[in-house]
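Single-structure report; data block below.
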Amino acid sequence: MLHLHAIGMDIHHHGAFSIQRPHGSGDWLLVIFKTDALLTLDGRELPAAPGSAVLFKPGQQQMYRSVTGAYINHFLHFITAVANTCIFH
């Protein structure tokens with residue numbers, strides 16, 4: 001069973017935007033980037049092109065930010081016992 005905490009579609013942020021969660025959000029987080037972004041994974045900064053996505057595990061560091069003045073994404077925060085048995089690498 002999936003327990004949805006929050007969902008956002010076509011969320012627009014103007015100006016510099018960043019998420020800095022050193023210990024994650026406490027749930028699974030799926031982010032779908034609609035504009036260019038920079039994502040930090042395992043200490044490496046990686047570009048995230050429009051249409052790309054990332055799935056963060058509970059407790060995993062979440063760090064991403066806008067590249068230009070505008071940032072748009074979709075997101076889904078959720079928990080599920082089933083997800084813990086699936087392979088997400």
Side-chain angles (χ1 to χ4, degrees):
M1 177 165 292
L2 182 88
H3 296 278
L4 183 62
H5 288 168
I7 188 170
M9 293 189 65
D10 287 322
I11 305 300
H12 292 248
H13 299 275
H14 301 284
F17 173 80
S18 70
I19 292 291
Q20 305 288 322
R21 296 184 187 119
H23 305 289
S25 56
D27 54 11
W28 290 86
L29 170 60
L30 173 65
V31 179
I32 301 169
F33 300 98
K34 302 300 289 180
T35 55
D36 288 315
L38 286 175
L39 171 68
T40 302
L41 289 174
D42 300 323
R44 295 183 305 147
E45 195 167 70
L46 304 168
S52 61
V54 63
L55 179 64
F56 293 103
K57 297 185 246 182
Q60 182 179 5
Q61 181 183 53
Q62 299 169 359
M63 297 178 64
Y64 52 95
R65 65 183 177 88
S66 61
V67 175
T68 61
Y71 173 81
I72 305 168
N73 72 347
H74 305 317
F75 67 85
L76 178 67
H77 284 270
F78 65 97
I79 58 170
T80 178
V82 175
N84 292 328
T85 64
C86 295
I87 299 172
F88 292 112
H89 293 293

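Everything numeric here is computed off the predicted structure, so don't read it as measured data. FYI, the numbering just counts along the sequence from 1. The figures here come from the full heavy-atom set of this structure, side chains too, leaving out hydrogens, waters and symmetry mates.
- In terms of heavy atoms, Leu30 sits closest to Ala53 at CD1-CB, 4.3 Å.
- With sequence neighbours excluded, the residues satisfying side-chain hydrogen bond (donor to acceptor under 3.5 Å, both in side chains) with His5 are Asp27.
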Under the criterion side-chain contact (heavy atoms from CB on, under 4.5 Å), I'd like the reasoning laid out for Gln62 against Leu29: C-alpha separation, chi angles, the key distance, then a yes or no. CA-CA 9 Å; Gln62 299 169 359; Leu29 170 60; 3.4 Å; yes
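- Here the closest non-hydrogen pair linking Pro22 and Gln20 is CD-O, 3.4 Å.
- Considering every non-hydrogen atom in both Pro50 and Asp36, the closest pair reads CD-OD1, 3.1 Å.
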Tabulate below the donor-acceptor pairs under 3.5 Å that side-chain atoms of residues 67-76 make, not counting sequence neighbours, or state none.
residue	atom	partner	partner atom	Å
Thr68	OG1	Ala70	O	3.3
Tyr71	OH	Asn73	ND2	3.1
His74	ND1	Asp10	N	2.9

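- Between Thr80 atom OG1 and Leu4 atom CG the span is 11.5 Å, to the nearest 0.5 Å.
- Ile19 is not connected to Leu55 by any chain of hydrophobic side-chain contacts under 4.5 Å among Ile, Leu, Val, Met, Phe, Trp and Tyr, and they are in different clusters.
- A donor-acceptor pair is defined here as one N or O able to donate and one able to accept, closer than 3.5 Å; such a pair exists between the side chain of Ser66 and the backbone of Phe17.
- The closest side-chain heavy-atom distance from Leu39 to Val54 is below 4.5 Å.
- Evaluation of the side-chain hydrogen bond (donor to acceptor under 3.5 Å, both in side chains) rule for Tyr64 yields no partner, not counting sequence neighbours.
- When side chains are defined from C-beta on, Phe33 counts as touching Ser52, because their heavy atoms get closer than 4.5 Å.
- Arg65 is linked by a salt bridge (charged side-chain N to carboxylate O under 4.0 Å, His left out) to Glu45, counting only residues two or more places apart in sequence or in another chain.
- Tracing side-chain contacts under 4.5 Å through hydrophobic residues (I, L, V, M, F, W, Y), one reaches Ile7 starting from Phe78; they form part of the same cluster.
- When the side-chain contact (heavy atoms from CB on, under 4.5 Å) test is applied to Gln60, the partners found at least two apart in sequence or on another chain are Leu41, Phe56, Lys57.
- Rounded to the nearest 0.5 angstrom, Ile32 CD1 and Met9 CE are separated by 8.0 Å.
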